[in-house]
Amino acid sequence: MSKRFAASGPAAVDGVSVEIERGEFFVLLGPSGCGKTTLLRMLAGLEAPDRGRIVIDGADMAGVPPYRRPVNIMFQSYALFPHMNVARNVSFGLRQERLGREEVAGRVAAMLELVKMTDFAERPPGSLSGGERQRVALARALVKEPKLLLLDEPLTALDRKLREETRFELKRIHRRVGITFVMVTHDQEEAMSMATRIAVMRDGRIEQMGAPEAVYERPANRFVAGFLGAVNLFEGKVADVGDGWLWVETDVGRLAVTHAPLALGTDVALAVRPEKVRLATIPTQSSLNSLPGILRTIAYRGEASSFEIELASGRLVRATLPNLGDGIGFAPGSQIWLAFEPDAARVLQS
Ligand code: ADP
Ligand code: MG
């Protein structure tokens, strides 16, 4: 699909093509303005694509208005009706369908139970916390049993701790109801912890699509590597080629990586995640990919610590080590050696 809002402007969505399996928890991830909400709104029928089509469970959605699609959308603002209590907010869609009183009551009760809001049924939305409102909005979106539930940044309004708990909660609910979820977020950690598959977007296009682990461990290009978590990029040229090996000449010296042959002189970037960088106070036995530097900063983060090491060239490298409770043994300003295994680096050509 493609969508352009102004004839002369850039495309908000630019030739996106994706197939989502029934029951998936599919996440659109990308920086603000990359077209995530526009894509979601086209699925819901709130925006019409300029080109392309949407097929849900075999049915073409062209010309099908939002309220006739087997789709429900949960907005970032939750958009609850302030004058209706929780139960009536949840039952709203069912009452519009003129379902019988008992069926409505039964389905609403089941939904409130699912989101753990049974005790709040009589309360007005104004008396609820952000997390509680989020759960009511979710119940309201799910009660009509759509084939597809769309969630636009559903956790952004919550504080950090609640956001992390709600991730697990949403995953649990997703498994229980068996409905296909498509969620939009700009938060890479949220995307990785919840998705069955992630599509990483930039400027209206999908840069890479895959399971969280695949996208994180094997990013297709520099943008994806940098957007999903911290990464050290060593830019260079292929200087020597062996059997399953490359030597890359970089600004910090010659580095070895495990990779299929590439032409000599090819421009590449080696992407090394901070958690794959080892640190030692003495040079490591194998001198492969071992670089001396000065430890500049230590950021204690609770479960792990982050380190910044300055190499002779002035370039900073980041490393992360889990806090195992035995102290870190490194002091800022001290000489240190960092190293990484040849198979810890991902070779990027774009
Ligand atoms: P995201 O959700 O990834 O932050 P959006 O889909 O909201 O991005 O927006 C993508 C691009 O389309 C942005 O440049 C935005 O300004 C533009 N855009 C979105 N909606 C409209 C609209 N209704 N009219 C004009 N431009 C729009
Ligand atoms: Mg958006």
Side-chain angles (χ1 to χ4, degrees), residues 22-27 37 40-41 43-46 56-57 64-185 190 193-194:
R22 187 192 306 266
E24 263 201 88
F25 199 134
F26 192 86
V27 173
T37 295
L40 216 60
R41 289 175 59 84
L43 289 173
L46 300 169
I56 299 176
D57 204 11
V64 179
Y67 58 89
R68 291 211 180 281
R69 295 190 181 198
V71 175
N72 226 323
I73 185 163
M74 190 177 121
F75 294 101
Q76 193 171 343
S77 61
Y78 309 146
L80 297 176
F81 305 117
H83 56 288
M84 292 181 196
N85 70 22
V86 164
R88 289 190 69 78
N89 260 282
V90 175
S91 66
F92 180 77
L94 299 179
R95 284 184 281 125
Q96 289 226 307
E97 282 183 6
R98 306 195 179 283
L99 295 180
R101 212 177 234 280
E102 274 187 22
E103 174 166 13
V104 171
R107 280 168 69 173
V108 168
M111 270 305 136
L112 289 179
E113 170 124 30
L114 181 72
V115 300
K116 299 181 177 154
M117 287 295 287
T118 305
D119 296 343
F120 295 73
E122 307 297 325
R123 295 258 296 265
S127 72
L128 304 177
S129 72
E132 290 157 359
R133 275 203 289 275
Q134 194 264 349
R135 273 141 62 194
V136 176
L138 185 63
R140 192 180 59 176
L142 285 171
V143 77
K144 288 181 76 177
E145 296 171 3
K147 286 180 180 162
L148 186 58
L149 179 70
L150 308 174
L151 305 124
D152 195 352
E153 311 255 6
L155 308 181
T156 325
L158 310 179
D159 62 52
R160 190 188 163 87
K161 187 162 186 300
L162 188 56
R163 209 156 63 218
E164 285 176 8
E165 289 166 9
T166 309
R167 284 180 199 165
F168 289 103
E169 199 53 27
L170 257 182
K171 278 179 73 143
R172 176 184 70 85
I173 290 170
H174 171 254
R175 269 196 309 272
R176 279 277 292 279
V177 296
I179 289 171
T180 309
F181 281 23
V182 176
M183 183 180 92
V184 159
T185 181
E190 198 170 290
S193 61
M194 297 172 79

> Are the side chain of H174 and the backbone of G23 linked by a donor-acceptor contact shorter than 3.5 Å?
Replying inline: yes
> Between the side chain of E132 and the main-chain N/O of S129, is any donor-acceptor distance below 3.5 Å?
Replying inline: yes
Closest heavy-atom pair and its distance - [X], [Y]:
X: P154; Y: M74; result: CB-CE, 3.8 Å
X: L170; Y: F25; result: O-CE1, 4.3 Å
X: P125; Y: P82; result: CD-O, 3.8 Å
X: L162; Y: T166; result: O-OG1, 2.5 Å
X: E190; Y: T185; result: OE2-OG1, 3.2 Å
X: L158; Y: R163; result: O-NH1, 3.2 Å

To the nearest 0.5 Å, what is the distance between [atom1] on [X] and [atom2] on [Y]?
X: K147; Y: T180; atom1: NZ; atom2: OG1; answer: 10.0 Å
X: R69; Y: L43; atom1: CZ; atom2: CG; answer: 8.0 Å
X: L94; Y: E103; atom1: CG; atom2: CD; answer: 7.5 Å
X: I73; Y: D152; atom1: CD1; atom2: CG; answer: 6.0 Å
X: L151; Y: Q134; atom1: CG; atom2: CD; answer: 8.5 Å
X: R133; Y: L138; atom1: CZ; atom2: CG; answer: 15.0 Å

> Taking only residues two or more places apart in sequence, or in another chain, which ones meet R22 in a salt bridge (charged side-chain N to carboxylate O under 4.0 Å, His left out)?
Replying inline: D57
>> List the residues meeting salt bridge (charged side-chain N to carboxylate O under 4.0 Å, His left out) with K171, not counting sequence neighbours, and say none if there are none.
In response: none
Residues, nucleotides or ligands: over 12 heavy atoms within 6.0 Å of [X] [atom1]:
X: E97; atom1: CD; answer: yes
X: E113; atom1: CD; answer: no
X: R88; atom1: CZ; answer: no
X: F168; atom1: CZ; answer: no

> Are E169 and R172 ion-paired here, with the side-chain N under 4.0 Å from a carboxylate O?
Replying inline: yes
>> side-chain contact (heavy atoms from CB on, under 4.5 Å), that's the test. Do R107 and E145 meet it? Break it down for me.
In response: CA-CA 10 Å; R107 280 168 69 173; E145 296 171 3; 4.0 Å; yes
> When R135 is tested against each of R140, K116, M111 for side-chain contact (heavy atoms from CB on, under 4.5 Å), which residue passes?
Replying inline: K116
> Do the side chains of S91 and V143 get nearer than 4.5 Å, heavy atoms only?
Replying inline: no
> Yes or no on side-chain contact (heavy atoms from CB on, under 4.5 Å) for L142 and F181, after CA distance, side-chain angles and deciding distance?
Replying inline: CA-CA 11 Å; L142 285 171; F181 281 23; 4.2 Å; yes
